[in-house]
Structure formats: structure tokens, C-alpha cells
2 protein chains.
Amino acid sequence: MSVERPRAATIEDVAQVAGVSRAAVSKVLRDAYGVSDAMRERVTAAMTQLNYRPRIAARAMRGRTYTLGIELPDLANHFFARIARGATGALEGTPYQLIIAPAEAGSREGLRALEALVDRQVDGVIAVSPRVDEAGLERISASVPVVMFGRHDTSDRYDVVAGDDASGAKAAMRHLLGLGHQHIAHLTLQESGAHEPFPHGVRLHEYEAAMAAAGLTGNAVVWRTDEGETPSYGVVRRMLEAGTPVTAVFAAHDELAFGAMRAAAEAGVPLAVVGYDDVPMASHPALGLTTVHQPGEAMGARAVQMLLERFAGRTEPAREIFDVELKVRTSAGAPPA
Amino acid sequence: MSVERPRAATIEDVAQVAGVSRAAVSKVLRDAYGVSDAMRERVTAAMTQLNYRPRIAARAMRGRTYTLGIELPDLANHFFARIARGATGALEGTPYQLIIAPAEAGSREGLRALEALVDRQVDGVIAVSPRVDEAGLERISASVPVVMFGRHDTSDRYDVVAGDDASGAKAAMRHLLGLGHQHIAHLTLQESGAHEPFPHGVRLHEYEAAMAAAGLTGNAVVWRTDEGETPSYGVVRRMLEAGTPVTAVFAAHDELAFGAMRAAAEAGVPLAVVGYDDVPMASHPALGLTTVHQPGEAMGARAVQMLLERFAGRTEPAREIFDVELKVRTSAGAPPA
DNA sequence: TTGAAAGCGCTAACAG
DNA sequence: CTGTTAGCGCTTTCAA
């Protein structure tokens, strides 16, 4: 006994029931010009009766898919969930639907996810992994509008939404230095380079600059970890046990910061920790993570808006840098005397 | 000299460059039967040269889209990220791509997201919001294989992956009662009903049963909250300040549990908390949330596997219930004497 | 204001 | 083993 998969209603069926042509139905569907109220009504009735749903794939062959794609590097990082929520919210009331392509870590993966989205003919894409290579990005932005998150270089190929990473990192370092810390480590991902115009690159650069400005270049240490709280924990734990003389750590994002806090707690070492992003758990009283707040929802919403503007005809590249704000909580106190 | 926007290569272009027919290219593409090595090579070369990427939309008109869709109710809940990660992992090495449709709370939203996926012709869907109405589900499962998460009823229309919610909830309650608590509240979402075959329904039911079995029916209290840590915090805070005489709370999932812990900490009230899911932060030493571990990755991977089995021809419904395990940590101690 | 008809890029019979 | 051909369900000129 095999499962019957009855053919769903097509535009042709609707046309027949309504006693009109396919073209007419299509026009009603797209709210196109030149349809009488009477016809609209009959067609609408037929659509309801048949429970008609247009096939996006068929539309894609000629026109739009009414689908926006967002590529996310790490679902486990709550900051990205915020961006996605903001993007979804901004789409409410529009005919567009957001789909997410998970990327796992790595620049190659980011590109792969982006291409999967393009293959599926999304009308626009939002790329959150910053480390997508230029060639790939060029290819993609040739066929669909792109909004890149967090890039601090400029391009006329894509729009940009970013946080003010320089200010944020400066504020974080100012806080730690102001507390009297002299041995501050920076915890970042494997691939980040201080010369790169990506969020972690900028944060790393500002860390080094701040240490230098404080005359502490000799104390600067950069700890590198794979993505995620657990790898971060492992790295910091190892460093702490190796006796690295550090009293504070500035983590490139909150998940890494949580890992550092876990390591310090388990190793029984006092460690001031500052994070970045301000994910919801950061403000939990048991954690009290001092961190740099980024308005994730607003940033996601703005990215969507930029795409909609492109559809509406904008051709010059847009670019918006969001303000960030240091949230001082309990995770970073003064160093032991 | 105007810049021609290059039309992306089609199967026709590849055929011309390789000097073969479209059908031949299509066969190479799909690894279909009856292609000589020589032809395969020429075609592959042409594809690389033109940087050819098949248009999923065009394929969708005739065959598969090589796309699986998963609908997720709450990106902010880390447990769902785990499911998605497991699903993505299980797809590695297959030609399939996973896309995520975010749903926001509510059964209507879950259905909407599912339909958006179906409109986009995914080859199979995984539904994580359990509260999708039967009529909608019937319609959907008529056109595409469906795996439902967490449903404890049986159906011949869709496959099921779930955790053993009855055992998990029993273990949670046994723990709290064993510690000597007599005033235990259950914290759950607005809509959950103890008669419903959904995860939260079962957990609620087991809570009531355990209280009754301990002769504590008179002490049973169910707190209801909207989705998320913040609403949970608000509800618990209000209850605590109203002086509800409670020494412990069994939360329907970890995010709610974190909200309860935050409320207790801020209200300065000692409160034993047990959660459900075991999201990564639960094991952080600053939190130490006692909770019921569900193997999210394995569950996501199994759901994907069920879909692949359907594609391979399975017609009888499948169903797998995963074991869960109570993780005892520090968040739930004995009640004050 | 409406409809006929020509594709969009691909797959899958079917012929050769 | 390879090519020809007929659509899949839509949108979009272009006539009527």
C-alpha cells in the first residue's frame, strides 16, 4: 500500500475553476495591473476553494522567488540568532520568506552555504561569515544582491552592516586597563589576523594597539581557539595550567568568554573576563559577563531593509555601522593586589 | 565598452562546449546510468570551465531539489541548534542541502514555516514545533515526506523522532522529591496541556502524576510563561514576590530554567531548579543546572536519516524514541530545613 | 480588460 | 551509449 501523493492544484486548475485564463490568475496573484474586481473575486474564490499555493520553483524560472537567504556561521552562537530574529521581523508584512543556510566554521563553508542559497535562486542574500573569499563573493554578487555583515572594507559590489568594532574593542580594553590589569590576554579564533577588516581582525588589532599604548606590548598574549565554548574552555584551561601569568582576558565574543570563565572557575584561578556581543546569558546574575553590546536585531533588520531597497531599485552601495556599548557587569574586577 | 552582465551558464552552454547533448550533461550531473568515461570527462571539464551550477528551480520542475527543510520554533533555544547541527552533519557527503525556516512561537507560525518550505519544493521536511494542527500536517505530508519531532502519538502519515519525555520528567521529579522538596512548581509554556502527546504535555502530565503519587497534589502549582528566558524570568519573579511558597521548580526546558534561576537570584530566594534538554550552558560551573539530557545531535541526524530512507523507498512509518538521562549538578539542593 | 502563446533550465522517456 | 523531444508551472509580451 503505497502512499498516494495527489498532484496539488496548479495555476491551470485555478484558471479552469474560475473560468479564466492562466494569465489572469497570474495577474491576480501578483497584484498586477489591469484586473477587474469581478475577475479578482472569482479567481480569489477559486484559489481558496482549491487551496492553491503557487510553486516557487516555477516562479523562479521567470521571476522572483520571494525568498531571502541568510548564511549563519554558528547556530550555537546566540548573537546570530538575534540577527536572524531581526531579519525575520523586518520581513513581516512583506511577501518575502527568510531561509537560513547553516555554514559551520570556515571560510570555505561560508561560501558553500552562500552558493547553496544562490543555486536556490534567492532574491537576495545576507552573509554573516565575513571570511568569504573575494572571487567567490564577486561571482555571487554578480547574480544577486548581497549584504555582508561585519566587513570594514568598502566595496561597490555589496552592502555592508557592521558594528563599530574599533570603538567596542577600545572600550573593552579601556575598562580592563582602567581596572589596573597589566597582563591581559586576547582570546580569538584561529584564523583572525590583525590586518583583516573583519570583526575579529579589528578587535585583535585594537587589543594590540591598546596594549602598546599602555606600554604593555611585552605582556600581550593572543590565545587562539576553534569556534565554540568548549574549545575555548580547553585552550584557556591549558594556558592557565601552564601558568601563563594573566589576570584578565578580552574574548572576541561571548561564547569564547563563557569558555574562559568556565576554565578559570575550574582551575580556581581568578580571571577578569570581558566578552563581545552581549548575548542574553551574559546578563544572567550567575555569570555577569562584562561585554560589548551589539544591537543584533536592529542589524539583522537593517540588512533585510537594504535588500528590499535593492529590489526597489537602489544601485549605489549602502553601508551602516552600528554603535556598540560596553555593559559593565561583575565578571571583570580589579586584579589581585 | 559596456559591461555585459554575463548570463550564468546553463546546461545548454555546457552541452555546446562539450559538444554533446543536454541529456548527456544531465546524466553526468545526476550520475545516471549509461555514460562513457570519455564523455563524462569532457562534460566535467566543460562544467568546470564554465563554472556551471545547476539551477535548483529548474530541476524542481521535473525532479528533486536536493533540499531538506527543517522548521525551528526558537533559534534562541540552544537545543534546537543542536538538532540542526546533527541534521547538517548527517547530510555531509550526500548531495542534499539543509535549509532552516525560523518559525517564532505559536502553532500557526510553525505551520506557516512548514508551508513556506513545501512551497519551495523541499524533498522532505523536519518539523520541530509539535503543535501543528492535524489538517495542515495532513496536507503537507500528502506532498512531501515529513518527520515530526517530539510527538508521542502515532501516525501513518509521518515519521517521528522523540525523546523519552515520560522517563525524563519522572527522573527530574524523583530527584526533587528525593531531596525532600514538597513544594515543587512546574514551569511550562502557555499552551501546554497535560493530555497532549507533545513533549511539554507529557512533562506536565508526569509532574502532576509524581506530585499525586507523593501525596502532594495540594501543593502542585503550574506556572505558565511565554517562550524564552526573559518571559520566564518575569513570571517566576512575580510568583516569588507574591510569596508563593515554593522551594523547587521543574522547568519544561533549560531556557525557562535559566529564567527561574535568574529570578531566584535577584529575589534572593533559595530555589532548587531542574531543567530539561541539557543545553551547553547548563553545565557551566556558574550555573550548574541539573537537567535531563537529550541527545539533540543524534536526534537531528536520525530525522535526516529517516527522510533519506523515505527517498530510498521506505513506505511504512518509522518512529524512534531516544533515551534521556538526568544530569545532576548544583542547581538543585535540598530544601531549607 | 482579457487571453494565447512563447519560453525559463532542467529531467526523463523514448529512439536511434 | 547518445541524442531528440516533450513537458514541469509559472510570467510576460503581444494581440484581440
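Heavy atoms only: backbone and side chains are in, while hydrogens, waters and symmetry mates are out. Treat the numbers as computed from the prediction; the structure is a model and nothing was measured. The chains referred to below are lettered A, B, ... by the order of the sequence lines, with proteins before strands, and numbering in each begins at 1.
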Item to complete: Report the C-alpha separation of D159(A) and R310(A) in whole Å, then their side-chain angles, then the decisive distance to 0.1 Å, and conclude whether the salt bridge (charged side-chain N to carboxylate O under 4.0 Å, His left out) test is met.
Response: CA-CA 10 Å; D159(A) 297 334; R310(A) 287 283 190 183; 2.7 Å; yes
Practice prompt. Take nucleotides 7-16 of chain D nucleotide by nucleotide from the 5' end and write B, S or -, depending on whether a protein heavy atom sits under 4.0 Å from the base, only from the sugar-phosphate, or from neither.
Written response: BBBBBB----
Fill in: Along DNA chain C, first and last positions that approach a heavy atom of chain B under 4.0 Å
dG9(C) to dA12(C)
Discussion item. For E191(A), I'd like to know if atom CD has over 12 heavy atoms of other residues, nucleotides or ligands within 6.0 Å.
Written reply: yes
Discussion item. Would the distance check show the side chain of E71(A) and the main-chain N or O of S129(A) forming a donor-acceptor pair, the cut-off being under 3.5 Å?
Written reply: yes
Worksheet entry | Under 3.5 Å: donor-acceptor pair, side chain of R319(B), backbone of T154(B) | no
Worksheet entry | Check: A116(B) main-chain N/O paired with R120(B) side-chain donor or acceptor under 3.5 Å | yes
Worksheet item: Does R314(A) use its side chain to pair, donor to acceptor, with the backbone of E316(A) at less than 3.5 Å?
Response: yes
Fill in: Lys/Arg cation over aromatic F311(B): R64(B), 6.0 Å, 45° cone
yes
Discussion item. What verdict does the salt bridge (charged side-chain N to carboxylate O under 4.0 Å, His left out) test give for E309(B) and R302(B), after you've listed the backbone C-alpha separation in whole Å, the side-chain angles of each residue and the deciding distance to 0.1 Å?
Written reply: CA-CA 10 Å; E309(B) 287 167 13; R302(B) 184 72 183 94; 3.4 Å; yes
Discussion item. Five pairs per end, C1' atoms only: what is the angle between the end axes of the helix from dT1(C)-dA16(D) to dG16(C)-dC1(D), to 10 degrees?
Written reply: 30°
Worksheet item: Ignoring hydrogens and geometry, is there a side-chain-to-backbone donor-acceptor pair from S26(B) to R22(B) under 3.5 Å?
Response: no
Worksheet item: Taking D123(A) for the side chain and T65(A) for the main chain, is one N or O donor matched with an acceptor at less than 3.5 Å?
Response: yes
